[in-house]
Amino acid sequence: MPVVAGFFFLSGALQIVFPPYPGDTVFLFGACLQGMGLRAGWLAPASYLVGVLAFSVGLFLLGRRVGRAIFSSRFVERYFPKALRDKAEAQLKRFGLPLLFLCKFIPGINTAAILLGGVLRYPAPASLCCITAAALVHGAAFAYAGVRIGGSWQAISAFLGVYSRLALLIGGALCLGFVLYLIVAGRRRPAA
């Protein structure tokens, strides 16, 4: 059982430190083990959530401690180019803490948002509550789906497809809303 816990803990950690890692798929698989009635089934999703939470909190606190100096890191420059960081920073400044919660549900931006939340020195207690709540809600949804699906690989594939499409649809709607807001706000400005 320690091997199961270690594997899923590392998978949760990888989901945070290396965003392309298919952590949601691994988590769903772990929840399916529980749905299939395996003795160690509960250990997989629990270990995964502990990994996600530990590394999310660690990333936020790292951002707070190091501040903007973290942007001089080659790793950060490679995976989060300046243009992307500037856009993300503008959104975080604009929407604040709710974005730290919502970013967990939009693939690809969770890591950058958590790190930037720390760099921007968001209040630690409220930020950590948002990060924790998002991880728990996200985890509960995947755990519920995994337990319900059990060992049906076709159902797992269908669930992941629906989740991906829904996340893209929500992300697209948010982007469209933001663009429309910019257009409307631009029209309200007086000509110089």
Side-chain angles (χ1 to χ4, degrees), residues 8-21 23-24 26-28 30-31 45-73 75-77 79-145 163 166-182 184-185:
F8 283 96
F9 176 86
L10 289 175
S11 291
L14 275 173
Q15 164 101 29
I16 300 304
V17 298
F18 186 66
Y21 181 76
D24 292 338
V26 172
F27 181 72
L28 185 64
S47 300
Y48 182 88
L49 278 175
V50 169
V52 165
L53 285 171
F55 278 77
S56 294
V57 167
L59 188 63
F60 177 81
L61 295 175
L62 176 70
R64 282 182 66 88
R65 180 172 172 85
V66 176
R68 293 193 179 278
I70 201 163
F71 297 142
S72 61
S73 157
F75 176 81
V76 172
E77 284 185 11
Y79 290 103
F80 303 114
K82 182 165 177 18
L84 178 63
R85 287 193 316 263
D86 290 345
K87 285 181 185 178
E89 185 174 335
Q91 294 304 313
L92 271 172
K93 284 180 178 175
R94 180 181 188 107
F95 296 109
L97 288 174
L99 192 56
L100 278 180
F101 180 86
L102 292 174
C103 73
K104 180 64 182 159
F105 302 93
I106 305 171
I109 69 164
N110 189 40
T111 300
I114 290 172
L115 180 64
L116 279 171
V119 168
L120 296 175
R121 311 225 21 103
Y122 273 38
S127 298
L128 296 177
C129 284
C130 285
I131 292 167
T132 301
L136 292 176
V137 169
H138 184 262
F142 269 73
Y144 176 78
Y163 175 77
L166 185 61
L168 286 173
L169 181 66
I170 291 169
L174 289 172
C175 288
L176 179 62
F178 180 68
V179 168
L180 290 174
Y181 172 80
L182 290 177
V184 169

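Atom-to-atom distance recorded for Lys93:NZ and Leu99:CG is 14.0 Å, nearest 0.5 angstrom.
For Phe101, the ring-ring contact (aromatic ring centres under 6.0 Å, His included) test picks out Phe105, with sequence neighbours left out. Arg121 pairs by the side-chain hydrogen bond (donor to acceptor under 3.5 Å, both in side chains) definition with nothing, not counting sequence neighbours. For Ile70, the side chain to side chain contact (heavy atoms under 4.5 Å, CB included) test picks out Leu62, Val66, Val76, Leu115, Val119, with sequence neighbours left out.
Under the ring-ring contact (aromatic ring centres under 6.0 Å, His included) criterion, no residue pair touches residues 108-129, with sequence neighbours excluded. Annotation: side chain to side chain donor-acceptor pair (under 3.5 Å) contacts involving residues 54-70, sequence neighbours excluded, comprise Arg68-Glu89.
Nearest heavy atoms, Ala135 versus Leu49: O-CD2, 3.5 Å. The two residues Leu100 and Ala113 come nearest to each other via the heavy atoms CD2-O, 3.4 Å.
Side chains of Leu53 and Thr132 form a contact here, defined as non-hydrogen atoms less than 4.5 Å apart. Inter-residue side-chain proximity for Gln15 and Phe55 is flagged as unmet; no heavy-atom pair is nearer than 4.5 Å. Contact check for Val52 versus His138: no side-chain heavy atoms found under the 4.5 Å cut-off.
In this structure, the side chain of Thr111 engages the main chain of Ile16 through a donor-acceptor pair within 3.5 Å.
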